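Bear in mind the structure is a predicted one, so any value in this text is a computation, not a measurement.
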Amino acid sequence: MSGQIITLSRHIIEEERKHPQATGKFTDLMNDIAFAAKLISYNTNKAGLMDVLGETTNVNVQGEVVKKLDVFSQQTMVNALDHNGHTCVMASEEEEDIIPIPEEYPLGKYVVLFDPLDGSSNIDANVSVGTIFSIYSRITPEGRPGTEKDCLQRGREQICAGYVIYGSSTMLVYTTGNGVHGFTLDPSYGEFILSHPNIKIPKKGKIYSVNESNFDYWKQEVKNYIHYVKQIDPPTNRPMNSRYIGSMVADVHRNLLYGGIFLYPASDTAPNGKLRLGYEANPMAFIVEQAGGKATTGKQRILDVQPESIHQRVPLFLGSKEDVELLEEFISGKRK
Ligand code: AHM
Ligand code: MG
């Protein structure tokens, strides 16, 4: 690097300046998300110490009711986003219905969908978790509360998507459709610093990530693909390596940097897969496409799927372009 430190705020301001009609509101919104991410990161890092892992009914040493980290993350995201006049409605994995902006606060033009703490079943074992977010412009008229319709836009309408990974360091990775950029939280400054400009996913990877315990429940095409990637054939770089953390943010982040494919297929027990279109598949798909990769349901580009409901699930395959295209050949029956 040149020695010049580029903070997330500066990067976003410079991105926003490329749009002549920009008002600075988007920068403010992203700063709110980054602030929430720092709070969640701080609490994730000291999870074992501060008893935040306790049940919601626990009382901590200050006599306060202890919140589980997923509840804390949800409240932190909502509190960071509901009062600054940038958003008109939100939706989260943690809330069944859309999250309106309280009447006492001004309404904005953005719609934010998020998964406040993805991979939360991993927290107790100190395994990486993450926050995922997806931003749209509202489609309902300004000046009124946003509606479910605003939250049910196709992924290709996203104006920004990102994730924060709380791992060996905390990183925020985002795209506004102009490449993918990664920022590492410097704990001494408390700032996200540009560390991974213009991330590109390798065209072909060595890693496949899937919960293989579901093998017997999958469709034959997916079984065939997984069988194929495990065969020994050095000229085609097989066998691929299996890596599965069980936190999508961590699995996708690793594959983005190293190359590979992430799969959460449909199965007999989960006919639409497990992952949610609005705040898991779409934002990750936007990021992966912007990094030069692909994201599909197996039959359709993820970003083209018309959402029918907030918590809708989709089969998800995403990663390096050539790996996903090969998978598509298996799904279409071209290869067996
Ligand atoms: P969550 O949002 O409830 O944490 O669930 C989503 C997580 C993803 O992070 C991960 O890819 C997947 O669930 C793992 O599921 P499984 O345990 O079935 O492999
Ligand atoms: Mg999740």
Side-chain angles (χ1 to χ4, degrees), residues 1-42 44-45 76-77 80-81 84-87 108-116 118 128 130-137 155-201 249-250 252-257 279 282-293 303:
M1 276 226 286
S2 63
Q4 190 186 44
I5 291 177
I6 298 178
T7 63
L8 175 64
S9 308
R10 174 175 168 170
H11 196 268
I12 295 163
I13 288 170
E14 286 174 1
E15 284 289 302
E16 196 171 18
R17 279 197 193 126
K18 291 175 189 161
H19 303 276
Q21 74 287 10
T23 58
K25 291 269 181 198
F26 177 72
T27 299
D28 292 346
L29 172 66
M30 285 296 287
N31 283 333
D32 291 344
I33 292 177
F35 179 63
K38 286 179 201 172
L39 291 181
I40 299 169
S41 174
Y42 179 73
T44 307
N45 287 165
T76 301
M77 286 295 282
L81 294 171
N84 281 347
H86 314 315
T87 43
K109 65 173 175 180
Y110 295 113
V111 178
V112 187
L113 275 54
F114 57 87
D115 181 353
D118 185 61
S128 299
T131 299
I132 311 173
F133 59 91
S134 165
I135 305 175
Y136 296 86
S137 290
R156 65 185 186 218
E157 307 297 340
Q158 289 172 102
I159 60 163
C160 177
Y163 61 81
V164 186
I165 175 165
Y166 311 104
S168 43
S169 59
T170 294
M171 269 189 81
L172 187 151
V173 175
Y174 88 103
T175 183
T176 54
N178 195 14
V180 179
H181 309 286
F183 298 77
T184 301
L185 182 62
D186 184 321
S188 48
Y189 303 137
E191 282 284 359
F192 283 105
I193 308 290
L194 181 62
S195 52
H196 295 64
N198 209 15
I199 297 171
K200 289 287 171 211
I201 186 168
V249 172
V252 173
H253 180 69
R254 182 206 51 236
N255 291 4
L256 199 60
L257 299 180
Y279 42 78
N282 270 335
M284 289 313 206
F286 189 20
I287 289 167
V288 166
E289 282 198 5
Q290 279 293 312
L303 298 183

I'd like a table of donor-acceptor pairs (distance under 3.5 Å, sequence neighbours excluded) in which one partner is a side-chain atom from residues 24-32, with atom names and distances.
{"from": "T27", "atom 1": "OG1", "to": "E16", "atom 2": "OE1", "distance (Å)": "2.3"}
{"from": "N31", "atom 1": "OD1", "to": "S9", "atom 2": "OG", "distance (Å)": "3.2"}
{"from": "N31", "atom 1": "ND2", "to": "T27", "atom 2": "O", "distance (Å)": "3.3"}
{"from": "D32", "atom 1": "OD1", "to": "N84", "atom 2": "ND2", "distance (Å)": "3.0"}
{"from": "D32", "atom 1": "OD2", "to": "N84", "atom 2": "ND2", "distance (Å)": "2.9"}

Under 3.5 Å, which donor-acceptor pairs link side chains of residues 171-183 to any protein atom two or more places apart or in another chain?
{"from": "Y174", "atom 1": "OH", "to": "H11", "atom 2": "ND1", "distance (Å)": "2.8"}
{"from": "T175", "atom 1": "OG1", "to": "G177", "atom 2": "N", "distance (Å)": "3.0"}
{"from": "T175", "atom 1": "OG1", "to": "G179", "atom 2": "O", "distance (Å)": "2.7"}
{"from": "T176", "atom 1": "OG1", "to": "E15", "atom 2": "OE1", "distance (Å)": "3.1"}
{"from": "N178", "atom 1": "ND2", "to": "E15", "atom 2": "OE1", "distance (Å)": "3.2"}
{"from": "N178", "atom 1": "ND2", "to": "E15", "atom 2": "OE2", "distance (Å)": "3.4"}
{"from": "H181", "atom 1": "ND1", "to": "N198", "atom 2": "N", "distance (Å)": "3.0"}
{"from": "H181", "atom 1": "NE2", "to": "N178", "atom 2": "O", "distance (Å)": "3.1"}

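Here the CD1 atom belonging to I135 is positioned 10.5 Å from the NE2 atom belonging to H86, to the nearest 0.5 angstrom. A distance of 12.5 Å separates OG1 in T131 from OH in Y163, rounded to the nearest 0.5 Å. Separating the OG1 atom in T184 from the CD1 atom in I193 is a distance of 9.0 Å, to the nearest 0.5 Å. Rounded to the nearest 0.5 Å, atoms CG (D186) and CD1 (I5) are 7.5 Å apart. The CG atom of L8 lies 9.0 Å from the CG atom of L194; values are rounded to the nearest 0.5 Å.
Contact check for V164 versus S41: no side-chain heavy atoms found under the 4.5 Å cut-off. Within the 4.5 Å cutoff, the side chain of Y279 has no heavy atoms near those of the D118 side chain. Residues V249 and M284 have side chains in contact (heavy-atom distance under 4.5 Å, counting atoms from C-beta outward).
The main-chain N or O of L185 is never found under 3.5 Å from a side-chain atom of T170 such that the two would form a donor-acceptor pair. Judged by distance alone, with hydrogens and angles left aside, the side-chain atoms of K200 form no donor-acceptor pair with the main-chain N or O of G292 at under 3.5 Å.
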Q. Which is it for V111 and T87 under the side-chain contact (heavy atoms from CB on, under 4.5 Å) test, yes or no, and what are the steps along the way?
A. CA-CA 6 Å; V111 178; T87 43; over 6 Å; no

**Q.** Verdict with reasoning, Y110 to L81, per side-chain contact (heavy atoms from CB on, under 4.5 Å)
**A.** CA-CA 10 Å; Y110 295 113; L81 294 171; over 6 Å; no

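F286 pairs by the ring-ring contact (aromatic ring centres under 6.0 Å, His included) definition with nothing, not counting sequence neighbours. Partners of Y136 under the ring-ring contact (aromatic ring centres under 6.0 Å, His included) rule, at least two apart in sequence or in another chain, do not exist in this structure. With sequence neighbours left out, the side-chain contact (heavy atoms from CB on, under 4.5 Å) criterion links A250 to S128, I165, I245, S247. Annotation: side-chain hydrogen bond (donor to acceptor under 3.5 Å, both in side chains) contacts of R10 (sequence neighbours excluded): E14.
Residues I132 and P283 approach most closely at CG2-CG, 3.5 Å, considering heavy atoms. The minimum heavy-atom distance between A36 and M77, with the atom names listed, is CB-SD, 3.7 Å. Considering all non-hydrogen atoms of both residues, C160 and F133 come closest at SG-CE1, 4.1 Å.
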